[in-house]
Q: 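Here it is, the structure in full.
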Amino acid sequence: MDIAKRKRELVQEFAPNLMKFGMLSKIWIGLLLALIMTGLVAFVLQLIKGHEITGMRDNVVWGIYIINFIFFVCLSYSGAFISGVLYFFKTPLKTSVTRIVEIITVLSLVVGPIFILLCIGRLDRLHYLFLYPRIQSPITWDIIAIMTDLVACFIYLYMTFIPDFALLRDNCETCPSWRQKLYRFLAMNYQDTPEQSRILQKLIRTMSTIVIVLALVAYTVLAWIFSLTLQPGWNSTIFAPYFIVAGLYSGVGVIIISMFLVRKYLKLDHYLRKIHFIVAGIVLLIVSLLYGYFTFSEYFSRWFSHKVYDIELLDTLFSKYFWTFILANYVGVLVPFVILFFKRFRTINSITFAAIIAVLGLWLNRYLIVVPTLETPYIPIQDTRPEFIEYSATWIEWALTLGGIASFVLLFILIVKLVPAVSLSDIIENERENQTAHQNKLT
């Protein structure tokens, strides 16, 4: 196989996706920018008027901001874990999927922490958190874990991009001059020599191990923020593994959805094949069993204990939040399980539908963990006014939520317009290995 020729062919194949912005792409970007601008307006209003224009009050001090924070951060940790496992064990399917997983990981770590800042009433005092941290606080541990994980994931992502930057630098003759200069700068004089390739692959594998460990540690610390309190519904010994499994559940779901959209709109049917969706669907099926088991164990133990405050919380869940509970813990688990369990249902569209149900169900589950618990405080409520007890998100919170999601999607689009959504260097490496294996068979 002529490696140089194959590199040029791959770059020519993917170059139109990198440089072409069709009408549909422009409409999407315009819609996303409109949502982001609406979110910025909501942020300015919240900054000026304070949290009184949100639904957060004395008891429910956390709302959908913290739910979004948990969702995005768990998405990043699961993405880091999955990407690290794919690289560490050199699985054959990593070529088409890893790039998407890596982008999701880093963007989730960028967007997620923004929501925790929205919970802070006095952003002008944010620097005190770094100047006078309390090392005894799990929140301080979480900040350290998130910052460490963000740096590690960014380095890991960049190192996996370097070979493709070099490919685009050397073979993208149709690229504008600014792109060629950018690729030249980002490639860091990488020439894909055997020595450079060996060193880079060794570094990537080392970083994949570090990222896996950081993902487990960081998400465990996030779970401890809840479980180390005496709040009914949070004080649980299984919250750490429960959060890790839930993170994998949402992570695999979002990866499947992203694969579907990338495959459809970037015309990558040849690289993101049905087998990729089937394998991802089977993983989602296995994780759904673990997630369902932990969810059942959590609620059953609270019901069986007959503790007064736990029973009050369960009464709230089974009355006020009955349909949310059904959607989150029955529909969100059983529907994906049924679709993925039967082989004849494992089509690309049905697997993607199961992933959407799983992701929505998990977001609702995070809502049930946060809001009903805070509406059932450990201390008896003296003021019975509903606005001080019950929580209902305002348009400010929904606007900022949609703005955060839009930012995530927009950044994803811009990144796949900068580098291919499928690793070109991995494609070449796989073809080279397959050719070598074929020649060895012949001899």
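Remember, it's a predicted structure, so these values are computed and weren't measured experimentally.
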Q: Testing the basics here: between Ile256 and Gly281, what is the closest heavy-atom pair and its distance to 0.1 Å?
A: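 Scanning both residues, the minimum pair turns out to be CD1-N, 4.2 Å.
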Q: Atom CE in Met259, atom OG1 in Thr352: separation rounded to 0.5 Å?
A: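 OG1 of Thr352 is found 8.0 Å from CE of Met259.
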Q: Cut-off 3.5 Å, side chains only: do Tyr321 and Glu375 have a donor facing an acceptor?
A: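 A pair is found: one side chain offers a donor N or O, the other an acceptor, under 3.5 Å apart.
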Q: To the closest 0.5 Å, what do you measure between OH (Tyr367) and OH (Tyr391)?
A: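 Result: 6.0 Å between the selected atoms.
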Q: Is Gln46 reaching over with its side chain to a backbone N or O of His51, donor-acceptor style, under 3.5 angstrom?
A: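 No, the answer is negative, given that no donor and acceptor are paired below the 3.5 Å cut-off.
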Q: What heavy-atom pair brings His276 and Val97 nearest, and what distance separates the two atoms?
A: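 Closest approach of His276 to Val97: CD2-CG2, 3.8 Å.
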Q: Between Ile351 and Phe345, is there a side-chain heavy-atom distance shorter than 4.5 Å?
A: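 Of all side-chain heavy-atom pairs linking Ile351 with Phe345, none is under 4.5 Å.
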Q: So, does Trp234 use its side chain to make a donor-acceptor pair with the main chain of Phe239 at under 3.5 Å?
A: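 Absent.
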Q: Let me confirm one number: the CG-CZ distance from Leu362 to Arg366, rounded to the nearest 0.5 Å.
A: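 Leu362 CG to Arg366 CZ: 5.0 Å, rounded to 0.5 Å.
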Q: Would Asp269 and Lys264 satisfy salt bridge (charged side-chain N to carboxylate O under 4.0 Å, His left out), going step by step from the backbone distance to the final call?
A: CA-CA 7 Å; Asp269 305 46; Lys264 182 177 179 63; over 6 Å; no
Q: In terms of side-chain heavy atoms, does Asn68 have a donor or acceptor partner in Thr401 at a distance below 3.5 Å?
A: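 Result is yes, a qualifying pair exists.
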Q: Return the minimal non-hydrogen interatomic distance between Leu75 and Gly251, and the atom names on each side.
A: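 For Leu75 versus Gly251, the nearest heavy atoms are CD1-CA, 3.5 Å.
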Q: Evaluate the side chain to side chain contact (heavy atoms under 4.5 Å, CB included) criterion for residues Tyr158 and Met188: first the C-alpha distance (whole Å), next the side-chain angles of each, then the deciding distance (0.1 Å), finally the verdict.
A: CA-CA 11 Å; Tyr158 178 64; Met188 295 179 63; 3.0 Å; yes
Q: How long is the span from the CZ atom in Phe412 to the CD1 atom in Ile104, to the nearest 0.5 Å?
A: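 So the gap between those two atoms works out to 5.5 Å.
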Q: Would you indicate whether the side-chain heavy atoms of Lys417 and Leu414 approach each other to under 4.5 Å?
A: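 Side-chain contact under 4.5 Å: no.
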Q: When the ring centroid of Phe165 is compared with that of Phe185, is the distance short of 6.0 Å?
A: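 When the ring centroids of Phe165 and Phe185 are compared, they turn out to be at least 6.0 Å apart.
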Q: So which heavy atom on Leu284 is nearest to which on Gly253, and how close?
A: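 Smallest heavy-atom distance, with atoms named: CD1-N, 4.1 Å.
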Q: For the side chain of Thr394 and the backbone of Ile53, is there at least one donor-acceptor N/O pair under 3.5 Å apart?
A: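 Such a contact is found between Thr394 side chain and Ile53 backbone.
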Q: Side chains of Leu200 and Pro163: does their closest heavy-atom pair fall under 4.5 Å?
A: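 Yes, close enough: below the 4.5 Å cut-off.
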Q: If you apply the rule side chain to side chain contact (heavy atoms under 4.5 Å, CB included), what do you find for Ile348 with Arg263, and how did you get there?
A: CA-CA 11 Å; Ile348 292 176; Arg263 181 180 188 269; 3.5 Å; yes
Q: Can you spot which of Leu410, Leu157, Ile103 makes a side chain to side chain contact (heavy atoms under 4.5 Å, CB included) with Ile415?
A: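 Only match with Ile415 under side chain to side chain contact (heavy atoms under 4.5 Å, CB included): Ile103.
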Q: Would you say Arg99's side chain and Ala421's backbone share a donor-acceptor pair under 3.5 angstrom?
A: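 Between the backbone of Ala421 and the side chain of Arg99 there is no qualifying donor-acceptor contact (under 3.5 Å).
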Q: Check for me whether the distance between the ring centres of Phe408 and Phe72 falls short of 6.0 Å.
A: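 Close enough - the centres of the two rings lie under 6.0 Å apart.
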Q: Could you work out, with side chain to side chain contact (heavy atoms under 4.5 Å, CB included) as the rule, every residue matching Ser392, not counting sequence neighbours?
A: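 Partners of Ser392 under the side chain to side chain contact (heavy atoms under 4.5 Å, CB included) test: none.
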Q: Between Ser350 and Thr347, does any side-chain donor sit less than 3.5 Å from a side-chain acceptor?
A: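 Their side chains do contain a donor-acceptor pair, which is all the 3.5 Å distance test asks for.
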Q: Let me confirm one number: the CG-CG distance from Leu368 to Asn329, rounded to the nearest 0.5 Å.
A: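 If I round to the nearest 0.5 Å, the distance is 6.0 Å.
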Q: Would you say the ring centroid of Trp62 lies under 6.0 angstrom from that of Phe226?
A: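 Judged by ring-centre distance (under 6.0 Å), Trp62 and Phe226 do meet the cut-off.
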Q: Counting C-beta onward and ignoring hydrogens, is there a side-chain heavy-atom pair between Ile146 and Phe69 closer than 4.5 Å?
A: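 The answer is yes; the side chains approach within 4.5 Å.
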Q: Sub-3.5 Å donor-acceptor pair from the side chain of Glu397 to the main-chain atoms of Tyr65, do we have one?
A: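 Side chain of Glu397 to backbone of Tyr65: no pair is present.
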Q: Strictly under 6.0 Å, is that where the ring centroids of Phe341 and Phe337 end up?
A: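 Yes, the ring centres sit under 6.0 Å apart.
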Q: Indicate the atoms forming the closest heavy-atom contact of Gly63 with Val370, along with that distance.
A: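 So the minimum-distance heavy-atom pair works out to O-CG1, 4.5 Å.
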Q: With no hydrogens and no angle check, is any side-chain donor or acceptor of Asn365 less than 3.5 Å from a backbone partner on Gly361?
A: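 Here the side-chain-to-backbone pair does not exist.
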Q: Using side chain to side chain contact (heavy atoms under 4.5 Å, CB included) as the criterion, list what pairs up with Val287, not counting sequence neighbours.
A: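 Partners of Val287 by the side chain to side chain contact (heavy atoms under 4.5 Å, CB included) criterion, ordered by chain and then number, come out as Val245, Leu248, Tyr249, Val283.
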Q: Classify the side-chain pair Tyr265/Ser25 by whether it contains a donor and acceptor separated by less than 3.5 Å.
A: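 Result is no, nothing qualifies.
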Q: Using every non-hydrogen atom in the two residues, find where Pro420 and Asp164 come nearest and quote the distance to one decimal.
A: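 Between these two residues, the closest heavy atoms are CD-OD2, 4.4 Å.
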Q: For Leu340, is there any backbone N or O sitting under 3.5 Å from a side-chain donor or acceptor partner on Arg346?
A: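 Looks like yes, one N/O pair under 3.5 Å.
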Q: Mind checking side chain to side chain contact (heavy atoms under 4.5 Å, CB included) for Ala166 and listing every partner two or more places apart, or none if nothing turns up?
A: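 Partners of Ala166 by the side chain to side chain contact (heavy atoms under 4.5 Å, CB included) criterion, ordered by chain and then number, come out as Arg169, Ala187, Tyr190.
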